[in-house]
Amino acid sequence: MFDYTFQWKQAMAKLPQMLDGAVVTMEVAVLSMVIGILLAVVLTLLRLSGSRPLAAIATTWVEIARNTPALFQIYMAHFGVASFGIHFSPFVSLLIGITFNNAGYLAENFRGALKAIPETQTRAGRSLGMSQLQAFRYIILPQMLRIAFLPMTNQMVWAILMTSLGVTVGMNTDLYGVTQDLNALTFRTFELFAIAAVIFYVITKIITLGARLLAARLFRY
Amino acid sequence: MIEIQNVRKSFGQMEVLKGIDLTVAKGEVLTVIGGSGSGKSTLLTCINGLEPIDSGKILVDGTEVHAKSTNLNKLRQKIGIVFQQWNAFPHLTVLENVTLAPRKVLGMSKGEAEAIAEKQLRHVGLGDKLKTFPTRLSGGQQQRMAIARALAMSPDYMLFDEVTSALDPQLVGEVLETLKMLAEEGMTMICVTHEMAFARDVSNRVAYFHKGVMAEIGAPDQIFGAPQEEVTRQFLASVR
Ligand SMILES: Nc1ncnc2c1ncn2[C@@H]1O[C@H](COP(=O)(O)OP(=O)(O)OP(=O)(O)O)[C@@H](O)[C@H]1O
Ligand SMILES: [Mg+2]
């Protein structure tokens, strides 16, 4: 009944290809975080703008991102938009889907962080002649990013793991996609996915550690 | 010159300023005293346009603060304000706290701004704290930093709203000394304060606010020595 013989050697021979996939995974995750943070800042500004329609757009985004499966969000970015004649490559669709998710979660984190910053900080900035936007940029934003730093690290880890959903839109160059293709060729299912899991684990650990080091350097107060 | 003409202001149903008329000349030091809720803070925040008014006018050097055409960011550059809660920017060093607005608002270079900031910080006795973060300062030091931060914009007017009220008693003196120094240098100042000795020593005139009305205004000798109004007498008796 249990007649599966482990063949680690054969699986390990595929390691270089898998590591190439890991690089693509990192690319998607890093890009989706950078763009996601920028978009989350924009969503936060929309929510603070005092304009109801703008705030509603931001809130809708956040609600969808946080309350629907990430798989659905990636699927929509590929097959959903294809219904309107818009065709993205799997890479782009995956990037859009994860970025959408990141921005929504991060915007919510930012909102929580803002609550911890006294209203009087903006007031102090305005009193010095700063515009509302300047006060946000130079006084509120840096404090907000610090408070939200840990949730941002968590989201980065999520972004890495979410890349595995790319296979549903035909992505085959990232770590998970490469592993799945290799599996179809070799049927070393357990070995290949175990190796992939270890690589995922190592990447996320490096990110968490790196973030801690970065925080120590960045936040001097 | 700051001209306040028949200013009225309500928060909801409650009228907080009930027709204030007051002129503060260049070089004058006016202290404002009065009970809690009498509208002193509100008046200051109206002067620099942080709060809108319902009617009347406030003119600063002839510019109407609440006119639609007035560029408030520009106007605020010449009106420094320091609050009871000093609002240090915690993510910036003392030096950076002070250089931020000169750099971003006045467009000064880093070097220029730092030269001015260092001068102002030394002036308020913080010359040895430039690289320190505000969280490491005492309340009195943070408050003096806030004063230096406002002064770095080279304002023509300074508004102080109970800047010693949130301080431990032993730190009040150092901040009052700083205010005194500014007054002696000829800065035009409006100081809301509960420090009666300070009001008596430093000001040219003292205004007493009572329930949204400026009940009395006059030289310190008159207000403290021979107040004309019954409400002023009662207030002074209560704080003594
Ligand atoms: N933003 C606001 N919204 C609603 N009511 C306000 C607001 N700011 C002040 N008030 C009310 O207006 C009245 C006058 O307040 P103000 O702060 O000007 O008094 P004050 O003379 O400075 O008192 P204190 O000595 O306690 O600082 C108070 O009753 C206060 O509760
Ligand atoms: Mg007050």
Side-chain angles (χ1 to χ4, degrees), chain A residues 37-38 40-42 44-45 48-52 106-107 109-153 211-221, chain B residues 41 44-45 47-51 71-94 96-107 113 131-137 142-143 145-146 148-155 157-161 166:
Chain A
I37 291 171
L38 293 175
V41 170
V42 173
T44 304
L45 284 172
L48 292 175
S49 67
S51 147
R52 263 162 196 259
L106 292 172
N109 291 330
F110 290 171
R111 184 156 85 152
L114 283 179
K115 287 206 185 106
I117 304 172
E119 182 56 40
T120 51
Q121 287 277 308
T122 302
R123 204 174 164 83
R126 298 303 307 269
S127 310
L128 290 165
M130 287 187 203
S131 66
Q132 188 73 33
L133 209 60
Q134 281 179 320
F136 180 80
R137 163 76 183 77
Y138 298 114
I139 299 170
I140 305 303
L141 184 67
Q143 297 185 55
M144 183 184 90
L145 291 178
R146 181 193 171 149
I147 298 169
F149 193 78
L150 188 64
M152 280 161 70
T153 311
R212 209 172 292 162
L213 292 175
L214 189 67
R217 270 197 68 85
L218 231 49
F219 305 131
R220 305 161 296 165
Y221 61 101
Chain B
S41 298
L44 293 193
T45 48
I47 291 174
N48 84 345
L50 280 173
E51 285 287 351
N71 181 342
L72 276 177
N73 296 337
K74 192 128 198 115
L75 185 74
R76 285 184 190 131
Q77 291 166 24
K78 62 169 157 190
I79 312 172
I81 186 164
V82 182
F83 301 99
Q84 179 175 345
Q85 218 49 53
W86 38 84
N87 303 316
F89 305 139
H91 60 298
L92 301 176
T93 62
V94 168
E96 290 165 343
N97 258 272
V98 180
T99 55
L100 183 64
R103 290 181 66 188
K104 303 306 175 190
V105 178
L106 302 179
K131 299 275 181 270
T132 310
F133 282 93
T135 41
R136 310 215 164 248
L137 299 181
Q142 292 197 46
Q143 190 58 292
M145 183 194 80
R149 192 167 72 184
L151 289 174
M153 295 296 283
S154 317
Y157 305 93
M158 284 292 292
L159 314 177
F160 294 99
D161 190 4

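Being a predicted model, the structure only gives us computed values, none of them experimental. To find a chain, count down the sequence lines: A is the first, B the second, and so on, and within it residues start at 1.
Listed by first then second residue, pairs satisfying ring-ring contact (aromatic ring centres under 6.0 Å, His included) with a partner in residues 132-151 of chain A read F149(A)-F219(A), not counting sequence neighbours.
For N48(B), the part lying near chain A is the side chain, with the backbone staying farther off; criterion is any non-hydrogen pair under 4.5 Å. Neither the backbone nor the side chain of R136(B) comes within contact range of chain A; no heavy atoms are under 4.5 Å apart. Heavy atoms closer than 4.5 Å to chain A are found nowhere in T132(B), neither backbone nor side chain. In this structure, the portion of Q134(A) lying under 4.5 Å from any heavy atom of chain B is its side chain and not its backbone. For chain A, no part of A146(B) is nearby; none of its heavy atoms comes within less than 4.5 Å. There is no contact between L159(B) and chain A, counting heavy-atom distances below 4.5 Å.
Top candidate by heavy-atom pairs under 4.5 Å with chain A, chosen from G49(B), A101(B), A150(B), P90(B), is P90(B).
In this structure, Q77(B) contributes its side chain and G129(A) its backbone to no donor-acceptor pair below 3.5 Å.
With sequence neighbours excluded, the residues that form a salt bridge (charged side-chain N to carboxylate O under 4.0 Å, His left out) with R111(A) are E108(A).
Between the side chains of D161(B) and S41(B), at least one donor N or O sits under 3.5 Å from an acceptor N or O.
The distance from atom OG of S127(A) to atom CG of L50(B), rounded to the nearest 0.5 Å, is 4.5 Å.
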